[in-house]
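Report on one structure; see the data block that follows.
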Amino acid sequence: MGPRNLLEIEAFVAVAETGSVNRAAIRLNLTQPATTRRIQKFESAMGSTPLFDRTVKPAVLTAFGAHVLEHCRRVLAAVAELETCGNSRENISGVLKAGIAFGLEETLLSSPFDMLRRTFSRIKLDVTSDWSKELMEDVQTGSLDCAVGLLMPDQAGSLHLLQTPIGIERILVVTKAHQHNLGNERSYRLSDLSHQPWLLNPAGCGCRAALLSTFDRLELPIQIAAEVFGEDLQLSLLAQSGGLALAPQRQFENSPYREALEVLDVSDFDLCATISLMRHPVPGRFNTALNLMIEELQSAI
DNA sequence: TACCCTCTCAGTTGTGCGGT
DNA sequence: ACCGCACAACTGAGAGGGTA
């Protein structure tokens, strides 16, 4: 088997894992016909037993295909391992497509990415921000090589991704300091806060979804006064006009508005998110770089 | 050795077909 | 009507061989 067949194996694994030639093509940075052709060559090289059942739509792996897939994954993992041991850091090159969850950019991004640029001079970084849920899907489809996400408890462990926990982030309920209409309680319940104006991120934000789902479970109404993108802007508005907002603890502690804000102890809303680095389970060419990035992230927290 | 021609391979665009 | 897939035709890069 020459290196050409390795490309066909990658195409087969991509189609099997994404469930679609189109999505596989996106993962492989190819057009759909090119991906189809690689699959066809691989299938013909594997003999007459079909790898996909195309009588159903979308096509699914046959039992033989599933068997072959496991072998292919082992081959790709072995090749990645071989490349890792053969490559010096200076020789690892290419565009590393990384995602970072909204809200984590400023607190987490600088140190690990500085390290990558220093250590792997031939890696070009392509960094995008999005909600964690979207980032997970992008890593799953291969549009991203890795992503640092803020995962809610119900998101951790979902999808077939390798998730390395970096740290825990407590999500705080924050209000303007000395806000009179909340009284001077030491602890609140969500029922005390359901008629207060909330400033929340737009739909797509995991923290918002967790809060709304808790209100829903308790059958309480919630008054969303404004949908404001980004915790920085929310905290700024909160400091001026009052209301309630959610904020990751690190972001709150680093906020210039911190002195004008206070954290509420809400006894029936205790949300902790996991900061995780997500990547594909099959090690790729950036495996060494990602392992170092994890160490840097863990020391940055 | 340098240049040119030919062939092969892997990619793209354009398009048609079938299923939902 | 739209989407996903496969096929046909075309293109560009690279390898290999022949010739001056």
Side-chain angles (χ1 to χ4, degrees), chain A residues 1-84 86-88 90-99 121-128 130-147 158-161 202-204 278-287:
Chain A
M1 267 201 191
R4 199 188 71 193
N5 287 0
L6 207 54
L7 298 178
E8 292 161 10
I9 289 173
E10 283 176 345
F12 169 65
V13 171
V15 172
E17 290 182 348
T18 61
S20 145
V21 176
N22 268 320
R23 285 193 290 271
I26 293 167
R27 181 198 281 195
L28 298 169
N29 281 323
L30 291 175
T31 58
Q32 170 263 317
T35 308
T36 297
R37 199 150 73 176
R38 283 190 185 178
I39 294 295
Q40 287 170 339
K41 289 185 72 176
F42 183 69
E43 279 192 293
S44 71
M46 291 305 296
S48 55
T49 311
L51 300 174
F52 291 98
D53 178 3
R54 292 184 172 82
T55 61
V56 295
K57 301 282 179 180
V60 294
L61 275 182
T62 60
F64 178 60
H67 178 69
V68 170
L69 175 63
E70 288 314 306
H71 282 285
C72 289
R73 282 180 171 144
R74 285 203 287 274
V75 168
L76 293 182
V79 169
E81 204 174 326
L82 182 65
E83 286 176 343
T84 301
N87 270 344
S88 68
E90 293 74 29
N91 286 340
I92 300 175
S93 63
V95 179
L96 171 59
K97 289 176 284 183
S121 55
R122 297 182 61 189
I123 289 181
K124 180 172 177 280
L125 288 172
D126 181 358
V127 184
T128 54
D130 207 334
W131 301 117
S132 298
K133 185 167 175 288
E134 272 65 33
L135 293 176
M136 288 172 86
E137 287 171 8
D138 288 344
V139 175
Q140 177 80 19
T141 62
S143 308
L144 290 177
D145 296 302
C146 70
S158 57
L159 297 177
H160 300 295
L161 294 177
M278 301 169 284
R279 57 179 150 160
H280 200 265
V282 177
R285 64 195 156 131
F286 296 120
N287 205 37

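Residue numbering restarts at 1 for every chain, and letters A, B, ... go by the order of the sequence lines. Note that the coordinates shown come from a computational prediction; the quantities given were computed from them, not determined experimentally.
In terms of heavy atoms, A:A66 sits closest to A:L61 at CA-CD1, 3.9 Å. In plain terms, the two heavy atoms of A:L135 and A:G99 that are nearest each other are CD2-CA, 3.8 Å. Minimum heavy-atom separation, A:W131 to A:P202: CZ2-O, 4.1 Å.
The phosphate of C:dC5 has OP1 or OP2 within less than 4.0 Å of a side-chain N or O from A:S20. Checking the phosphate oxygens (OP1, OP2) of C:dC5, no side-chain nitrogen or oxygen of A:Q40 falls inside 4.0 Å. Remark: A:N22 is in phosphate contact with C:dC5, judged by side-chain N or O atoms under 4.0 Å from OP1 or OP2. For B:dT12, the OP1/OP2 oxygens have a side-chain nitrogen or oxygen of A:T31 closer than 4.0 Å. Put simply, A:T36 has no side-chain N or O that comes within less than 4.0 Å of OP1 or OP2 on C:dC5.
Relative to the side chain of A:L30, the nucleotides B:dT13, B:dG11, C:dC5 differ in distance, and B:dG11 lies closest. Considering only the side chain of A:A34, B:dT12 comes nearest among C:dA6, B:dT12, C:dG4.
Within the 4.5 Å cutoff, no side-chain heavy atoms of A:I39 are placed close to those of A:V21. With contacts defined as side-chain heavy-atom distances shorter than 4.5 Å, the pair A:L30/A:R38 qualifies. In this structure, the side chains of A:M278 and A:L144 stay at 4.5 Å or more apart for every pair of heavy atoms.
Counting only N and O atoms by type, the side chains of A:T36 and A:Q40 include no donor and acceptor under 3.5 Å apart.
Secondary-structure stems of DNA chain B, taken as three or more successive Watson-Crick or G-U wobble pairs (i with j, i+1 with j-1) under a 3.5 Å distance threshold, comprise B:1-20 with C:1-20.
The interatomic distance linking A:I39 (CD1) with C:dA6 (P) rounds to 9 Å, in whole Å. The distance between atom CZ of A:R38 and atom P of B:dC9, rounded to the nearest whole Å, is 15 Å. Atom-to-atom, CD of A:Q32 to P of B:dG16 comes out at 15 Å; the value is rounded to the nearest Å.
When the salt bridge (charged side-chain N to carboxylate O under 4.0 Å, His left out) test is applied to A:R73, the partners found at least two apart in sequence or on another chain are A:E17, A:E70.
A:D145 places no side-chain N or O within donor-acceptor distance of the main-chain N or O of A:A98, the cut-off being under 3.5 Å.
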Show each protein N/O and nucleotides 9-15 of chain C N/O combination with a separation under 3.5 Å, one pair to a line.
none

